[in-house]
Amino acid sequence: MERLKCAMHRAAIGFSLALALPSAASPAIAADDPGRAAPAIAMRGAPDLPAGFPAFPYANPDAPKGGRLTLSLTGTFDSLNPFIVKGSAAPFVRGYVVESLMARSFDEPFTLYPLIARAATTDAARSFVEFEIDPRARFSDGTPVTADDVLFSHVLMRDQGRPNHRLYYSKVAKAEALPDGRVRFTFAEPDPELPLIMGLMPVFSRASVDPERFAETSLTAPLGTGPYKVEAAEAGASLTLALRPDYWGRDLPVNRGLYNFDTLRFLYFRDANSEFEAFKKGLVDARFETDPGRWETGYDFPAARSGEVVREVIPTGTPKPYSALVFNTRRPVFADIRVRRALTELFDFEWLDRNFYHGLYARTRSFFQDSELSSLGRAADARETAILGPFASEIVPEALLGTLVPPVSDGSGRDRTRRRAAFALLEQAGWHLANGLVRRVATGEPLAFEIMVATRDQERLALAYASQLERAGITARVRFVDAVQFDARRNAYDFDMVPAIWSQSLSPGNEQAFYFGSASADTPGTRNYMGAKSPAVDAAVTALVDAKDEDAFIAAARALDRALLSGAYAIPLFHTPGQWLARWTRIARPARASLYGTLPETWWRVPGR
C-alpha cells in the first residue's frame with residue numbers, strides 16, 4: 001500500500017534460527033539464544049510478538065466483514081504487473097493478489113511472520129535460508145503452492161523483475177528443492193538481511209506465467225495466493241478486487257482482522273481537484289490528504305460539518321519521507337555541486353510554507369528525519385568516522401557535526417542574503433550575472449533547465465520555485481506530463497529535475513543500494529534518480545548491510561545520511577506531522593495504528609451503513 005499512502009501506502013544477527021508456526025511450545029528467540037525454533041524472524045533482536053499471538057496489534061480481529069471500500073488516486077495505470085519496469089502499474093496487485101513467502105509486521109523495524117512459508121531456517125553466518133511451504137497454501141485456481149513454483153518465481157524475478165529484484169535475487173548462488181516441500185537458497189556470500197529479503201519474495205504459479213511475455217505490460221493480473229482476485233480493470237480509470245471466499249490463509253494470525261471488505265475499488269482521477277470532489281460527493285470512502293491548503297480550508301462542506309466526514313492526524317513512528325526536487329547529476333548543468341548548492345539557496349521554503357501551505361509543513365533536513373538513524377544534531381562518532389574517513393573530501397564538515405541543514409530565509413521571497421550566497425557559489429562554478437541572466441563565463445550559455453511534474457500540486461510548487469529563480473536570472477521551465485509519461489521518463493532518467501519521495505523504514509538495508517548506490521546510477525528503473533556515484537555513499541550502504549550489532553547499524557545509517565546530505569543531490573522539501581486522513585464515518589479503523597500509520601487493509605465498513 002505504499003503508493004496508496006503516499007499518493008493515497010531483522011532475526012537476530014549471528015545465530016542459527018528455525019521458524020515454525022506459532023505454538024505455545026515455540027517462544028520467540030533473542031539474539032543471545034541461538035539454535036532454537038522461533039515463530040518469526042527479525043533482522044535484529046527478538047520478534048515483538050510471542051508464540052500464538054492472536055493478531056497484529058494494529059488489527060482488530062473482531063472487525064465486521066463485508067461491504068465495499070472505495071479509494072482514489074491521481075494519475076493512471078496501463079498494467080497490472082507491478083513487478084516489472086515497463087508501464088505504469090496499479091500497485092494493489094502486490095499483497096492483495098500476489099503474496100510473499102512471509103508477512104511483514106508494520107509494527108516492527110523488520111520482522112517477518114509465517115504466510116506461504118510456515119517454517120524457515122538459516123545459519124549463524126546467514127549464508128543460506130530454507131523455507132518450508134505450508135501445505136495449505138493455494139493459488140486462486142485451487143492449485144497448491146509447490147517448491148517448483150517458488151524456485152520459478154526466484155528465477156523470474158532475478159531475470160525479469162524490477163532492478164531491485166534483480167539486484168537482490170542475483171545474490172543467490174544456488175536455489176534447490178528439498179524433500180517435504182522445502183526450498184533452500186544458498187547465497188554467494190553471507191548477508192544478514194538476505195534471508196528476510198527472500199522471505200518477501202512474491203510467489204507466482206509456474207503453470208500460469210509465460211516467462212517470455214512476463215516483462216510486457218498487461219491488464220491480465222498474475223495468478224496469486226492472496227485474499228483478493230482482480231474482478232475488473234479499466235485502464236486509467238478503475239480497478240476492482242473481489243475477496244476470495246476460498247482464501248486459504250484467512251485464519252493465519254498475520255491475516256486476522258485484515259482484508260475485511262468483500263470488494264475493493266480503486267478510482268483513478270487526472271487531477272486532485274476532481275479526486276477531492278468525488279470524495280465530497282461520497283463516491284470515495286476515505287483519502288489521505290497531501291495538500292495542506294485543502295486540509296486547512298477545503299473540508300468545510302455539509303458532510304464534514306454534520307460529522308459524516310471526520311478528519312484525523314495519525315502519528316507515525318517511522319522516519320519522515322524524504323521529499324525533494326531532485327537534480328539529475330547526469331545532466332551537465334547539474335554536474336557541479338556548487339550549482340546544486342546555489343539553486344538550493346534560492347529555494348525559499350519559509351515564504352512558500354506561509355503563502356502556499358498555511359504554515360503546516362516542517363522542512364525535511366535528513367533522509368531519516370525524526371528517528372535515531374538521522375545524523376541531524378548529532379556529531380559523527382568513531383564508527384561513523386571510520387566509515388567515512390577514506391572519503392573525507394566528499395563530506396561537508398557541517399555534516400560530520402550534524403549541523404548541515406537547508407538554508408533558512410527571511411520569508412520575504414526576496415532574501416538578499418540567500419541570493420548573495422547563491423551568486424558566490426555560481427561565481428566559483430564559472431557562472432556570472434550579465435544583463436539580467438546567469439550565464440556560463442566560458443561560453444555565454446544561460447543557466448536554464450526543466451522541471452518535470454505530473455500533478456497540479458507539483459506544478460504549483462515548481463512554478464513558484466521557477467518564479468524565485470527568474471528573479472535571480474535563472475530560467476526553470478515547468479513541463480506538465482501525464483503519469484505514464486512521467487514514470488517512463490523518470491525510469492529512463494530523461495529529465496533535468498523531478499519531484500521524488502523516498503519513504504524509509506527503521507530498518508534500511510540492501511534497498512539503499514537500489515536507491516543511492518553507484519551500481520544503480522546507470523540502470524534504468526532504479527530509484528537513484530539523481531545519478532549518485534559516491535564512494536562514501538557506497539561504503540555507508542555496505543556498512544549498513546554488514547552491521548553486526550545495533551550500534552554499528554545506527555552508525556552506518558547516520559554515515560549514509562551524512563554522505564547523502566553532503567552530495568547536495570536534491571532540494572529538500574517538507575513533511576507533515578503525521579498522516580492526514582479524511583474518511584466518511586461508514587468506514588471505521590482500529591484505534592491503534594501501526595508504526596507506519598493506519599493501513600487500509602485493517603479498516604472495515606460499519607454494519608448497516
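Counting begins at 1 with the first residue of the sequence.
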Requested in this report: Indicate yes or no: at least one non-hydrogen side-chain atom of Phe266 is less than 4.5 angstrom from one of Leu264.
Outcome: yes
So, taking the atom named [atom1] in [X] and the one named [atom2] in [Y], what distance separates them when rounded to the nearest 0.5 Å?
| X | Y | atom1 | atom2 | answer |
| --- | --- | --- | --- | --- |
| Arg605 | Leu69 | CZ | CG | 8.0 Å |
| Phe514 | Asn528 | CZ | CG | 9.5 Å |
| Phe92 | Arg265 | CZ | CZ | 12.5 Å |
| Leu560 | Tyr515 | CG | OH | 11.5 Å |

Requested in this report: Write out all pairs satisfying side chain to side chain donor-acceptor pair (under 3.5 Å) with one or both partners inside residues 151-174, taking only residues at least two apart or from two chains.
Outcome: Lys171-Asn510
Query raised in the report: Mind checking what makes salt bridge (Lys or Arg N to Asp or Glu O under 4.0 Å) contact with Arg330, not counting sequence neighbours?
Result: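 Here no residue qualifies.
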Side chain [X], main chain [Y], donor-acceptor under 3.5 Å:
| X | Y | value |
| --- | --- | --- |
| Ser520 | Ala513 | yes |
| Trp584 | Ala286 | no |
| Glu511 | Gly509 | yes |

Requested in this report: Please say whether more than 12 non-hydrogen atoms of neighbouring residues, nucleotides or ligands are located less than 6.0 Å from CZ in Arg311.
Outcome: yes
Query - Arg270 CZ: over 12 foreign heavy atoms closer than 6.0 Å - result: no
Query raised in the report: For the residue pair Tyr259 and Tyr96, does the interplanar ring angle fall in the parallel (under 30°), tilted (30 to 60°) or perpendicular (over 60°) class?
Result: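 Correct class here is perpendicular.
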Query raised in the report: What pairs meet the salt bridge (Lys or Arg N to Asp or Glu O under 4.0 Å) rule with one or both residues in residues 206-234, with sequence neighbours excluded?
Result: Lys86-Glu216, Asp148-Arg206
Report task. Could you give me the CA-CA distance, side-chain angles and deciding distance for Phe367 and Gln512, then say whether side-chain contact (heavy atoms from CB on, under 4.5 Å) is met? Result -> CA-CA 11 Å; Phe367 280 81; Gln512 302 302 306; over 6 Å; no
